[in-house]
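Quantities reported herein were computed from a predicted structural model and do not represent experimental measurements. What's counted below: heavy atoms across the whole structure, side chains too, no hydrogens, waters or symmetry copies. Every chain is numbered from 1, with letters handed out A, B, ... down the list of sequences.
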Number of protein chains: 2
Amino acid sequence: MINKKKTTIKDIANVLGITPSAVSKALNNHPRISEKTKTDVLQVAKNLNYQPNRLASALRKGKSNLVGVIIPRANSHFFSSIIQKIEDLLNKEGYNIIITQSNESYEKECRSIDALLYTQVDGIIASMANETVKLDYYEKIKSKGIPLILFDRGENDLNVDYIGIDDYQSSQIVIEHLVNQGCKRIAHIAGFSHTRIYKNRIRGYRDALKKFGLPIEDDLIVESNLRIEDGRRIMKQLLKLQNIPDGVYISGDYTALGALQVLQEENINVPNDIALVGFSNESFSSLVTPSISTIEQHSEKIGELAANAFLHRIATKNENVSLNKMILQAELIIRNSSKRK
Amino acid sequence: MINKKKTTIKDIANVLGITPSAVSKALNNHPRISEKTKTDVLQVAKNLNYQPNRLASALRKGKSNLVGVIIPRANSHFFSSIIQKIEDLLNKEGYNIIITQSNESYEKECRSIDALLYTQVDGIIASMANETVKLDYYEKIKSKGIPLILFDRGENDLNVDYIGIDDYQSSQIVIEHLVNQGCKRIAHIAGFSHTRIYKNRIRGYRDALKKFGLPIEDDLIVESNLRIEDGRRIMKQLLKLQNIPDGVYISGDYTALGALQVLQEENINVPNDIALVGFSNESFSSLVTPSISTIEQHSEKIGELAANAFLHRIATKNENVSLNKMILQAELIIRNSSKRK
DNA sequence: AGTTTTTATTCAAACGTTTGAACAATCATT
DNA sequence: AATGATTGTTCAAACGTTTGAATAAAAACT
C-alpha cells in the first residue's frame with residue numbers, strides 16, 4: 001500500500017504530455033497558462049495524490065516558509081495563547097512555525113537562535129529570556145536580513161518591530177486601585193530591572209507612589225526571577241520588616257501565588273490586612289482562594305499583531321518601511337485578593 | 001555590513017582550488033578525504049563564515065531533519081516539560097522540532113498533521129486530542145512511512161511506538177490511598193472513556209472499588225472534557241446527590257482545582273468531609289490551599305523515551321524492528337487535599 | 001497577405017548539496 | 001618491473017522545483 005516513489009510534477013507532465021515547467025506554472029496559477037491546462041493539471045495532480053516537495057521549492061525560491069518563535073516558556077497562559085494565535089494566523093498564510101523555549105536562559109536562547117538560523121527560517125518572532133542582556137545573537141539575526149519581531153520582552157536598542165503592553169501605565173493603574181482600596185504602604189515584587197518591561201513597571205510604580213504621596217522605600221522593592229519560590233521568599237522577607245506593607249503589587253501571578261500562600265500560612269487576611277495584585281492573568285488566578293487580582297495583557301491580540309507584523313515585513317521586504325512599536329493598553333482585573341468590601 | 005551572497009561550498013572550493021564535492025566530503029568527514037584537506041576546508045569555511053544550506057542538503061538527502069510534535073496544549077506542566085525534553089534531546093542530534101497545539105480539537109489536529117506532512121518532517125511525535133476518535137489522519141502518517149511515536153494519549157489500534165504511564169495502576173494507587181484515609185464512597189471525575197487512557201483509569205477505579213468492596217454507582221462516575229469549568233460543574237452535580245461522596249478522584253489537576261473551589265464555596269472541609277486527588281501534578285497543585293494530592297507522570301522521562309524512540313526508528317528505518325510500548329509507573333504525591341490527620 | 005501582438009508552451013539553467021563511479025597517483029606486494 | 005590494492009580527488013548526475021528567455025502558434029491589426 002505504501003507508494004514507494006512520490007509523484008512529482010514530472011509525473012504529472014508525463015501523463016498530460018506537457019513539460020514540468022508548464023505543470024509548475026499551472027500549479028502556481030501563472031497567467032500565461034491556459035485554463036484548460038490548469039484544470040487538467042489540477043485533476044491529474046489529485047489523481048496521482050501529488051504533494052509538492054516543499055524542500056525543492058524552498059531551495060529554488062530561497063524561502064523556507066518556516067518561522068521561528070522563541071518564548072521563555074510555554075507553560076504559561078500568556079505565552080501559550082500568543083503562540084496559538086501566531087500559529088493560527090501564519091498557518092493560514094502557508095507558514096509553519098518552529099517553537100523553541102529558552103527557559104529564561106540566555107545560553108539556551110542563543111542555541112535556539114543558531115538552530116533557527118540553520119533551519120533557514122524566514123523570520124523570527126521572539127520574547128527575550130529574563131537573563132538576556134547581551135544582544136549579540138539578536139544582532140546576528142538582523143545582520144542576516146531576517147525579519148525579527150519582538151513581543152513583550154523586547155529591547156529598544158535593537159530597533160526592530162515590537163508589540164507589548166504599556167507596562168508603565170499598567171503599574172499606575174494597579175497602584176491607583178490599591179490606593180482606592182485604602183493601602184498606604186505598597187510593596188512591589190518586581191522582575192529584574194535590566195529587563196525593559198520590569199524596569200518600566202518599577203518606574204510606573206515609583207511615579208504612581210509619588211503621585212499619591214506614598215512612601216517609596218528601597219526595602220519595599222525587591223527584584224527577582226519571579227518564580228513561585230521567589231514569591232514565597234520575598235513575601236517572608238517583607239513580613240520581617242519593622243513596618244510591613246498593606247498592599248503588594250507583584251509582577252507575575254505565579255509569584256503572587258507564592259506570596260499568597262505565605263500570607264495564608266501566617267494567617268494574614270488578604271485583602272484586608274494585605275491586598276495583593278499580580279500580573280498576567282494565569283489560568284489559575286481566578287480559581288485560587290482568594291482569587292488574584294491581576295493585569296490581563298490581551299495575549300491573543302499581541303499574537304495577532306506579532307504575526308501580522310511579520311507578514312507585513314515579508315511583504316515589504318526591501319521597501320525599508322519604518323518600524324512599528326505597538327503598545328497595547330492592559331486591563332486590570334479586580335478580584336478578591338485586592339477587593340476590600 | 002550585510003553580506004549579499006551567502007558562501008557555499010563552491011566558494012570554499014574556489015579558494016582552495018579543489019572541487020565542491022571534495023569540500024562536501026571534507027565537511028562530512030568522508031574517510032577518503034585527506035586530513036590536510038579536511039583541516040583546510042574547515043579553516044576556510046570558518047573564515048568565510050560558511051553556513052550550510054540545510055534546504056539543499058535536505059532536498060538531496062530526502063531528509064528534512066525536522067520533527068513534528070503535536071500536543072493538545074502547551075499550557076500544562078505535563079506537556080510543556082515533555083516537549084522541552086524532546087527538543088533538548090533531538091536538537092543534540094541535529095533535529096529541529098515543530099510544535100503544534102491541537103487544542104483538543106480533532107479538526108485542528110488534522111490540519112496540523114497535513115501541515116507537518118507538507119513540511120516533510122522526518123517523523124511525528126504526538127499526543128492525541130481528547131476529541132479524536134477517527135484515526136484516519138494518523139493512518140495517513142503511517143502510510144507515508146513516516147515514523148510515528150505516540151505518548152500519553154495513544155491508541156493501541158494504530159500499532160505504533162507508545163510511551164505512557166500505567167493508568168490502570170495509577171487509579172488503583174489513588175483509590176487505595178483514599179481508602180486508607182477512610183473514604184467509603186469515592187466518586188470519579190473522569191475524562192471521556194473513548195480515550196484509552198481515561199478508559200483505563202476508569203477501569204482501574206472500578207476494579208479497585210470492587211477490590212475494596214466499595215459501591216460502584218453510575219452517578220459517581222462523570223466523564224467530561226476535564227477543563228476547569230467541568231470540575232466546577234460536576235462537583236456541584238455530585239453535591240446534589242442524596243448520598244454525596246466522601247472522596248473524589250479527578251483525572252486532571254485543573255479540573256480538581258475547579259472542584260476544590262466549589263467545595264470551599266460550600267464550606268465543605270477538604271480533606272475531612274471530602275478528600276480530593278487530582279492527576280498530572282500541575283505547577284500550581286502544590287501551591288493552592290489545600291495543596292492538591294496528585295499523580296506525577298514523570299513527564300521528563302516520557303519526553304526522553306519518546307525522543308529516543310524516534311531516533312531509534314530513524315536509525316533502524318527499514319529493519320522492521322518490533323514496536324515498543326513503554327509503560328511507566330506513575331507516582332502518587334500525597335498532599336493536604338487528601339491527607340486526613 | 002503581411003506584420004505585429006498576444007497567448008501558450010518549452011527550454012535551459014539555477015538553487016546548493018550529495019554520492020557513486022571513474023580516474024589518477026601513490027603505495028605495497030610479488 | 002609488473003600487478004594489485006589503496007588513497008585522494010574529480011566527474012557528473014541527481015534531488016524537485018522555479019523562472020526568465022526563447023519559441024511557436026494563434027489572433028488581431030494594417
J.: Are B:Ile314 and B:Pro147 packed together at the side-chain level, in the sense that at least one heavy-atom pair is separated by less than 4.5 angstrom?
T.: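 Counting from C-beta outward, B:Ile314 and B:Pro147 do come under 4.5 Å.
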
J.: Expressed in angstrom and rounded to an integer, what is the separation of B:Ile12 atom CD1 from C:dG16 atom C1'?
T.: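 From B:Ile12 CD1 to C:dG16 C1': 12 Å.
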
J.: Please determine, for the side chain of A:Ser24, which listed nucleotide (D:dT10, D:dT18, D:dT17) has the closest atom?
T.: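 That would be D:dT18.
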
J.: Looking at the base of C:dC11, is there any donor atom on it, or on the side chain of A:Ser21, that sits under 3.5 Å from an acceptor on the other one?
T.: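 Flag set: donor-acceptor pair detected.
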
J.: Roughly, in whole Å, what's the span from CG in B:Asn53 to C1' in C:dG16?
T.: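 Interatomic distance, CG of B:Asn53 to C1' of C:dG16: 5 Å.
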
J.: Using a 4.5 Å cut-off on heavy atoms from C-beta on, say whether the side chain of A:Val67 contacts that of A:Phe310.
T.: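 A side-chain contact under 4.5 Å exists here.
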
J.: Rounded to whole Å, how long is the line connecting atom CZ of A:Arg60 with atom P of D:dT17?
T.: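 Spelled out: CZ on A:Arg60 to P on D:dT17 is 13 Å.
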
J.: Rounding to an integer number of Å, can you tell me how far B:Asn65 CG sits from C:dT18 P?
T.: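 B:Asn65 atom CG is separated from C:dT18 atom P by 11 Å.
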
J.: Is A:Ser57 touching bases, backbone alone, or none of the nucleic acid, heavy atoms closer than 4.0 Å?
T.: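 Sugar-phosphate, no base atom in range.
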
J.: Between D:dC11, C:dT10, C:dG16, spot the one nearest the side chain of A:Ala22, thanks.
T.: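 Out of D:dC11, C:dT10, C:dG16, the nucleotide with an atom closest to A:Ala22's side chain is C:dT10.
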
J.: Would you indicate whether the side-chain heavy atoms of B:Asp152 and B:Gln297 approach each other to under 4.5 Å?
T.: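 They are in side-chain contact.
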
J.: Are the side chain of A:Lys144 and the backbone of A:Leu117 linked by a donor-acceptor contact shorter than 3.5 Å?
T.: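 Answer holds: no.
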
J.: Between A:Arg153 (side chain only) and A:Ala126 (backbone N and O only), is there a donor and an acceptor less than 3.5 Å apart?
T.: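 No; zero donor-acceptor contacts below 3.5 Å.
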
J.: How close or far is atom C1' of C:dT9 from atom CG of A:Leu16, stated in whole angstroms?
T.: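 Result: 13 Å.
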
J.: For the helix from C:dA1-D:dT30 to C:dT30-D:dA1, figure out the bend between the end axes, five pairs an end, and round to 10 degrees.
T.: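 Nearest ten degrees gives 50° for this helix.
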
J.: To the nearest Å, how far apart are B:Asn14 CG and D:dT9 P?
T.: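 My rounded result for the distance is 16 Å.
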
J.: Please tabulate, one pair per line, all N/O donor-acceptor pairs under 3.5 Å involving side-chain atoms of residues 15-30 of chain A, not counting sequence neighbours.
T.:
{"unit_1": "A:Thr19", "atom_1": "OG1", "unit_2": "A:Ser21", "atom_2": "OG", "d": "3.2"}
{"unit_1": "A:Thr19", "atom_1": "OG1", "unit_2": "A:Ala22", "atom_2": "N", "d": "3.4"}
{"unit_1": "A:Asn28", "atom_1": "ND2", "unit_2": "A:Ser24", "atom_2": "O", "d": "2.9"}
{"unit_1": "A:Asn29", "atom_1": "OD1", "unit_2": "A:Lys38", "atom_2": "NZ", "d": "3.1"}
{"unit_1": "A:His30", "atom_1": "ND1", "unit_2": "A:Arg32", "atom_2": "N", "d": "3.1"}

J.: Tell me which residues in residues 25-46 of chain A put a heavy atom below 4.0 Å from DNA chain D, sorted by number, or none.
T.: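 Heavy-atom cutoff 4.0 Å gives A:Lys25, A:Asn28.
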
J.: Taking any heavy-atom pair under 4.0 Å as a contact, classify B:Thr8: base, sugar-phosphate, or nothing.
T.: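 B:Thr8: backbone/sugar contact only, no base atoms under 4.0 Å.
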
J.: Between the side chains of B:Asp88 and B:Gln84, is a donor N or O closer than 3.5 angstrom to an acceptor N or O?
T.: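 Checked: B:Asp88/B:Gln84 side chains show no N/O donor-acceptor pair below 3.5 Å.
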
J.: Over how many whole Å does the gap from A:Tyr118 atom OH to C:dT17 atom P extend?
T.: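 Taking atom P of C:dT17 as the reference, OH of A:Tyr118 is at 10 Å.
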
J.: For B:Lys61 and C:dG16, give me the distance from atom NZ to atom C1', rounded to whole Å.
T.: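 So the NZ-C1' distance, B:Lys61 to C:dG16, works out to 13 Å.
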
J.: Identify whether any heavy atom of A:Ile18 sits under 4.0 Å from a base atom; if not, whether one sits that close to sugar-phosphate; answer base, sugar-phosphate or nothing.
T.: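 Since only primed, P, OP1 and OP2 atoms lie under 4.0 Å of A:Ile18, the category is sugar-phosphate.
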
J.: Got B:Ser57 and B:Pro52 here, is their nearest side-chain heavy-atom distance under 4.5 Å?
T.: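 With C-beta onward as the side chain, the pair stays apart.
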
J.: Looking only at atom types and distance, does a side-chain atom of B:Ser76 sit under 3.5 Å from a main-chain N or O of B:Phe78, one as donor and one as acceptor?
T.: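 Between the backbone of B:Phe78 and the side chain of B:Ser76 there is a qualifying donor-acceptor contact (under 3.5 Å).
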
